[in-house]
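For reference, the structure is listed below as structure tokens.
Chain naming here is simple, since letters A, B, ... match the order of the sequence lines and numbering starts at 1 in each.
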2 protein chains.
Amino acid sequence: MMEKYKFFDLPEFSTVKDILENERKNYVITLFGLCKILYAGRASSIATYSSRLITFKPDGSVLVHSNKKLKPVNWQPSSSEVKVELGDELKIYVERKRPKEVLEILMPIVYYLSLSKVDEGEFHLFGSESEMVEEVVKNPELISRDFIPLEREYQTPFGKIDLLGVTSTGYLVLEFKRAQAGLEAVSQLKRYVDYLSWKGEKVRGGIVAPSISKSALKLLKKYELEYFQLSPRLLSTIRLK
Amino acid sequence: MMEKYKFFDLPEFSTVKDILENERKNYVITLFGLCKILYAGRASSIATYSSRLITFKPDGSVLVHSNKKLKPVNWQPSSSEVKVELGDELKIYVERKRPKEVLEILMPIVYYLSLSKVDEGEFHLFGSESEMVEEVVKNPELISRDFIPLEREYQTPFGKIDLLGVTSTGYLVLEFKRAQAGLEAVSQLKRYVDYLSWKGEKVRGGIVAPSISKSALKLLKKYELEYFQLSPRLLSTIRLK
DNA sequence: GCCTAGGTCCCGTTG
DNA sequence: CAACGGGGCCTAGGC
């Protein structure tokens with residue numbers, strides 16, 4: 001039977017190698033130690049010797065954390081492969097095939113290593129953009145009295161329209177944002193509207209979002225597009241203290 | 001003197017509370033245990049009871065990791081505050097002010113707790129978009145024989161132009177991408193070109209990127225914009241094995 | 001496999 | 001402070 005966790009104080013390099021090679025699929029492995037890190041792939045980077053926390057997950061993802069920020073200093077996404085070489089320093093190579101990328105972790109010392117039986121658990125998120133679209137499909141009058149939704153994720157050669165519908169004046173293209181809409185949202189909408197116009201359709205376009213930035217609103221008007229105020233629905237049983 | 005790390009097997013809730021309240025600024029603290037997590041803020045979420053790894057960093061960032069993927073299941077960015085309540089379960093509240101968000105971590109059991117003296121270290125990244133712009137500023141002929149760069153990050157009411165310059169035919173707006181350019185890059189460029197056109201300027205626009213998607217290229221031509229092939233320079237001393 | 005678009009994006013930077 | 005845009009973005013979903 002597998003224990004919930006195991007812990008090794010100042011493990012030998014050979015122990016670390018053995019564990020990384022044989023237990024990586026069963027446990028989340030955390031190393032704490034001095035390390036220097038080289039990354040080469042889509043970009044390249046160097047992180048000088050410093051004590052950091054390194055996490056290896058069963059799916060192949062690897063995270064190297066400093067003492068700040070949410071984002072790891074370096075990382076490798078899932079389905080990466082791990083190889084370990086012994087020597088004066090412990091050398092850990094984490095490779096990914098496509099795109100071809102390598103993370104090279106050099107450790108002169110490992111202070112501790114832990115193995116933890118971490119599970120996945122259930123997870124539910126509320127307040128996404130797609131939930132906003134659903135609400136409008138169910139209650140089209142949230143947009144206007146004469147709005148009739150036709151298709152979600154309507155494919156054009158230049159991207160997917162969140163929700164395409166019609167009103168008495170022709171097509172209406174809607175672009176949804178769960179948070180404040182910015183310039184990018186307007187440009188995106190304009191792209192879809194341009195496409196339908198090029199096809200000779202009579203078409204209007206609108207942003208559906210809880211708010212919109214000032215410059216985005218200005219651009220929206222320049223392009224003769226519209227704004228519909230709508231907020232995502234959060235789970236009311238979760239309360240802010 | 002502070003130790004490199006400390007480790008507690010099956011710590012009492014009161015110990016966890018004490019450490020989270022008094023050592024959070026000095027160490028990266030990792031909890032491994034059963035937990036249920038409620039999040040409320042920009043969105044809301046529930047993660048059911050499951051064993052997960054929870055990391056608290058000195059700057060206030062908190063990460064809750066499952067056994068998969070790079071992204072934490074739940075998290076809180078830096079400058080969050082931590083409060084702990086004792087009871088049948090350990091209750092950890094992580095709050096952030098703007099935007100107002102709360103993470104509520106309920107733990108019936110903590111298998112282990114560790115404190116690690118993690119440092120920041122130096123970090124250098126090569127191959128960013130801004131390095132590409134620099135290269136073009138130094139070698140404008142990479143774009144064309146008659147291109148003269150005028151201003152980086154040129155401010156318009158509708159966003160910043162990566163590099164604005166002139167050629168014999170008028171202004172040239174350049175939008176850089178360090179990886180393949182997609183539809184969004186074209187829309188972004190179009191927005192800047194539109195602005196200068198509205199001002200009555202004679203203006204061309206171009207994407208500078210290592211590659212461009214087929215549909216993006218099609219849209220680029222529809223909009224009568226141009227494409228210049230250029231790759232970011234990686235650090236050659238870092239080699240792929 | 002390519003590619004589009006969302007994300008509790010995070011994050012730095014600038015007005 | 002608001003807000004724009006980059007990112008080794010990551011990741012899911014379509015074709």
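Here the side chain of B/Glu175 pairs no donor or acceptor atom with the backbone of B/Leu189 at under 3.5 angstrom. Remark: side-chain polar atoms of A/Arg42 are not paired, donor with acceptor, to backbone N or O of B/Arg178 under 3.5 angstrom. Remark: side-chain polar atoms of A/Tyr171 are not paired, donor with acceptor, to backbone N or O of A/Gly205 under 3.5 angstrom. Proximity of a side-chain donor or acceptor of B/Lys69 to a complementary backbone N or O of A/Ser78 within less than 3.5 Å is not detected. Side chain of B/Lys57 to backbone of A/Asn67: no donor-acceptor contact under 3.5 angstrom is found. Using a distance-only test at 3.5 Å, with no hydrogens or angles considered, no donor-acceptor pair links the side chain of A/Asp119 to the main chain of A/Gly121. Side-chain N or O atoms of B/Tyr49 include none that pairs as donor or acceptor with a backbone N or O of B/Leu106 at under 3.5 Å.
Within the 4.0 angstrom heavy-atom criterion, only backbone atoms of the sugar-phosphate kind lie near A/Gln180; the bases stay farther away. The residue B/Phe123 sits apart from the nucleic acid: no heavy atom pair falls under 4.0 Å. Residue B/Ser215 is classed as a sugar-phosphate contact, given heavy-atom separations below 4.0 Å to backbone atoms only. Counting non-hydrogen atoms under 4.0 angstrom, A/Ser130 reaches nothing in the nucleic acid. Within 4.0 Å of B/Tyr192, counting heavy atoms only, lie sugar-phosphate atoms of the nucleic acid but no base atom. When heavy atoms are screened at a 4.0 angstrom cut-off, B/Gln188 is found touching the sugar-phosphate backbone but no base atom. In this structure, A/Arg191 reaches the sugar-phosphate backbone alone: every heavy-atom distance under 4.0 Å involves primed, P, OP1 or OP2 atoms, never a base. Here A/Pro77 lies in heavy-atom contact (under 4.0 Å) with a base. Nucleic acid contact for B/Val133: none, since no nucleic acid atom lies under 4.0 Å from a heavy atom of the residue.
Dashed line: the shortest gap from a side-chain N or O of B/Trp75 to OP1 or OP2 of C/dC10 is under 4.0 Å. Taking only side-chain nitrogens and oxygens, B/Gln155 never comes nearer than 4.0 Å to OP1 or OP2 of C/dT14. Regarding contacts with the backbone of C/dT8, a side-chain N or O of B/Lys71 is found under 4.0 angstrom from either OP1 or OP2. Of the side-chain N and O atoms in A/Arg152, none sit less than 4.0 angstrom from OP1 or OP2 of C/dA5.
Counting to the nearest Å, the P atom of C/dC9 and the CG atom of B/Leu70 are 18 Å from each other. Rounded to an integer number of Å, the gap from B/Phe158 CZ to C/dG15 C1' is 16 Å. Per the geometry, NZ belonging to A/Lys69 stands 6 Å off P belonging to C/dC11, to the nearest Å. In this structure, B/Arg42 atom CZ and C/dG6 atom C1' are separated by 14 Å, rounded to whole Å. Rounded to an integer number of Å, the gap from B/Arg96 CZ to C/dT8 P is 13 Å.
Between A/Ser78 and A/Val73, it is A/Val73 whose nearest contact on DNA chain D lies nearer the 5' terminus. Comparing A/Leu183 and B/Ala179 along DNA chain D, the residue whose closest nucleotide (by nearest heavy atom) sits nearer the 5' end is A/Leu183. Taking the nucleotide of DNA chain C with the nearest heavy atom to each of A/Glu184 and A/Arg178, the more 5' of the two is matched to A/Glu184.
Taking a pair as Watson-Crick or G-U wobble with both distances under 3.5 Å, the runs of three or more consecutive pairs in DNA chain D are C:1-7 with D:9-15, C:9-15 with D:1-7.
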Sequence neighbours excluded and cut-off under 3.5 Å, please list the side-chain donor-acceptor pairs for residues 147-156 of chain B, or say none.
from	atom 1	to	atom 2	distance (Å)
B/Thr156	OG1	B/Phe158	N	2.9
B/Thr156	OG1	B/Gly159	N	3.2
B/Thr156	OG1	B/Gly159	O	2.6

For this session: Verify salt bridge (charged side-chain N to carboxylate O under 4.0 Å, His left out) between A/Glu95 and A/Lys100, making sure each step is shown before the conclusion.
Result: CA-CA 7 Å; A/Glu95 287 200 29; A/Lys100 170 87 169 162; 3.4 Å; yes
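B/Leu163 pairs with exactly one of B/Val173, B/Leu172, B/Val137 by the side chain to side chain contact (heavy atoms under 4.5 Å, CB included) rule, that one being B/Val137.
Remark: the separation of the P atoms in D/dG8 and D/dC4 is 22 Å, to the nearest Å.
Of all nucleotides in DNA chain D, those with any atom nearer than 4.0 Å to a heavy atom of chain A start and finish, going 5' to 3', at D/dA3 to D/dG14.
Checked for salt-bridge contact, A/Glu131 and A/Arg233 miss the test: no charged N lies under 4.0 Å from a carboxylate O.
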